[in-house]
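Structure, as C-alpha cells:
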Amino acid sequence: MGHKKRKKAAKQTLTMTIVVVAALAALIVLACSRVFVIRDVMVVGNRNLLREEVVTQSGVEIGDNLLSISSSQLRRNLEQNRYIEYIGHDFDYRGTLTLRINERLGMAAVYDLGYYYVLDMAGMVLECAGSAYPTGVAGPKVAGFTIEPNSRITVGAELPVHDRGQLEAMKLVLEELDTINMLGRTSELNIKNTENMYIITSEGAKIVLGDTSSMRTKLLIAREVLSMRKEAGDLMGAKIDVSNGYNAHYIPAALPTVTPVPTATPTIGPPATPEP
C-alpha cells in the first residue's frame with residue numbers, strides 16, 4: 001500500500017515539474033519574443049545608397065525577431081549587391097537593429113583588352129564601362145597590373161592579378177590620396193613596379209613615390225610642392241621625386257637655357273709704335 005502511495009506521489013511530482021518547466025519555457029519564449037522584436041532598422045556606412053535600399057536588400061522587416069536572423073544570412077542577403085560589404089550588426093534595448101556596412105565606391109579604373117573596369121579601393125570589380133572611360137570614378141586610372149594568365153576580369157569579383165602586392169600597394173596609395181584630398185587631383189597611378197611607383201596629376205606633373213613606405217609623408221611633401229609651383233604654371237611635364245620620404249627633388253619639364261655672356265674680343269693687328 002505504501003509503495004502505491006509513493007508511486008502516485010512521484011507521478012504527481014513529475015507532472016507538476018513538467019507543468020512548471022513548460023510554464024517557464026512559455027514565459028521565456030514570450031519574454032524573448034518581446035525583448036528581441038525589431039522595431040526600427042538603422043544603417044551605418046552608406047554614402048550613396050539610401051537606407052531603404054540597404055534595409056530592403058537585407059531582408060529584415062519591422063516586427064521580425066532578432067533570434068531568427070543570423071550574421072551569415074545578413075551577409076548573404078546584403079552582399080548580393082556588389083556595392084555592399086557587410087561588416088556586422090548591433091541590437092539595443094529599444095529594439096533598434098543597426099546594420100554596419102561598407103559601401104564600395106568606384107575609386108579607380110583599369111583598362112584591359114579594350115575595356116575599362118571600375119574598381120573599389122580594394123580591387124573589387126564593380127562594373128565594366130565598355131570602351132569609354134567611366135564617369136563618376138573618384139580616383140585615377142591604374143596602370144601596370146599584371147593580370148593572371150588565362151583569367152578573365154569578372155564584375156563582382158576581385159581583379160585577378162598575378163601579384164597581390166600590386167593590389168595592396170594600390171589600396172594604400174588610394175587611401176592616402178583620399179585622406180589628404182588629392183584623389184580627385186590624380187589622373188594616373190602606375191604600380192607596374194611596386195618599388196618605383198608614380199602618379200600623374202591633373203596638371204600633368206609626375207610624382208615619383210618609390211615604394212610603399214612613408215606614403216602619406218611623401219604625398220604631403222608632393223602636395224606642398226604642387227601648391228608652390230602652381231602659380232608659376234610650370235607643372236606640365238615636370239617631375240617631383242619624393243621617393244626618399246623626407247624631401248622633394250623638383251625637375252621642370254624644360255631646363256632653363258644658359259645664355260652666354262658676350263665678352264670683348266681683343267683686336268689683332270700690328271704692334272703699336274712707341275711714341276718718341
Side-chain angles (χ1 to χ4, degrees), residues 45 47 85 87 102-112 116-126 133-134 137-149 151 153 157-232 234-253 255:
R47 295 172 67 176
E85 179 186 8
I87 304 299
N102 172 47
E103 183 178 339
R104 294 186 174 102
L105 301 174
M107 303 297 280
V110 64
Y111 184 78
D112 184 65
Y116 284 100
Y117 296 89
V118 179
L119 306 179
D120 78 342
M121 189 83 74
M124 166 76 76
V125 182
L126 298 178
Y133 192 84
V137 176
K141 173 186 174 183
V142 182
F145 276 121
T146 303
I147 303 298
E148 190 70 37
S151 64
I153 297 178
E158 187 179 82
L159 191 70
V161 295
H162 181 66
D163 179 8
R164 284 196 56 83
Q166 289 185 318
L167 281 181
E168 292 166 4
M170 178 195 75
K171 181 180 180 181
L172 174 64
V173 176
L174 293 179
E175 283 179 341
E176 298 297 356
L177 285 170
D178 191 31
T179 298
I180 67 169
N181 297 317
M182 273 189 65
L183 192 63
R185 197 175 179 178
T186 307
S187 61
E188 182 178 330
L189 164 63
N190 191 294
I191 56 165
K192 184 175 183 179
N193 180 356
T194 55
E195 297 296 313
N196 190 30
M197 298 181 291
Y198 65 85
I199 62 175
I200 305 295
T201 70
S202 55
E203 299 95 342
K206 178 179 180 180
I207 300 175
V208 179
L209 302 172
D211 60 19
T212 57
S213 64
S214 307
M215 186 55 64
R216 185 175 301 183
T217 301
K218 293 174 181 178
L219 291 171
L220 286 171
I221 294 171
R223 188 180 69 175
E224 188 65 23
V225 175
L226 289 172
S227 179
M228 290 188 298
R229 303 298 308 187
K230 188 173 182 179
E231 291 185 5
D234 58 353
L235 286 174
M236 177 61 71
K239 179 179 176 181
I240 304 170
D241 191 337
V242 292
S243 58
N244 61 25
Y246 56 86
N247 62 19
H249 181 48
Y250 178 81
I251 305 173
L255 295 174

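Basis for what follows: all heavy atoms, side chains included, without hydrogens, waters or symmetry-related copies.
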Inter- and intrachain pairs under salt bridge (Lys or Arg N to Asp or Glu O under 4.0 Å), touching residues 169-179, at least two apart: Glu176-Arg216
Which residues pass the salt bridge (charged side-chain N to carboxylate O under 4.0 Å, His left out) test with [X], sequence neighbours left out?
X      : result
Asp112 : none
Arg47  : none
Arg223 : none

Provide the closest heavy-atom pair for [X] versus [Y] in the form atom of the first, atom of the second, distance.
X      : Y      : answer
Gly106 : Val118 : CA-CG1, 3.6 Å
Leu167 : Gly123 : CD2-CA, 4.0 Å
Leu226 : Met182 : CD1-CE, 3.9 Å
Pro140 : Leu183 : CD-CD1, 4.0 Å
Val173 : Leu219 : O-CD1, 4.4 Å
Leu174 : Ala108 : CD1-CB, 4.1 Å

[X]: what forms a side chain to side chain donor-acceptor pair (under 3.5 Å) with it, not counting sequence neighbours?
X      : result
Ser243 : Asp241
His162 : Glu148
Gln166 : none
Asn247 : Asn244

Is a side-chain donor or acceptor of Ser151 paired with a backbone partner of Ile147 at a separation under 3.5 angstrom? no
For residues 203-213, dump all side-chain donor-acceptor pairs below 3.5 Å to protein atoms at least two apart in sequence or in another chain.
{"from": "Glu203", "atom 1": "OE1", "to": "Thr201", "atom 2": "OG1", "distance (Å)": "2.9"}
{"from": "Glu203", "atom 1": "OE2", "to": "Arg185", "atom 2": "NE", "distance (Å)": "2.7"}
{"from": "Glu203", "atom 1": "OE2", "to": "Arg185", "atom 2": "NH2", "distance (Å)": "2.8"}
{"from": "Asp211", "atom 1": "OD1", "to": "Ser213", "atom 2": "N", "distance (Å)": "3.1"}
{"from": "Asp211", "atom 1": "OD1", "to": "Ser213", "atom 2": "OG", "distance (Å)": "2.6"}
{"from": "Asp211", "atom 1": "OD1", "to": "Lys218", "atom 2": "NZ", "distance (Å)": "3.1"}

Who passes side-chain contact (heavy atoms from CB on, under 4.5 Å) against Asn190, sequence neighbours left out? Ala143, Glu188, Lys192, Tyr198
By side-chain contact (heavy atoms from CB on, under 4.5 Å), Val125 pairs with (sequence neighbours left out) Tyr117, Leu119, Ile153, Val155, Leu159
Tyr250: partners by ring-ring contact (aromatic ring centres under 6.0 Å, His included), with sequence neighbours left out: none
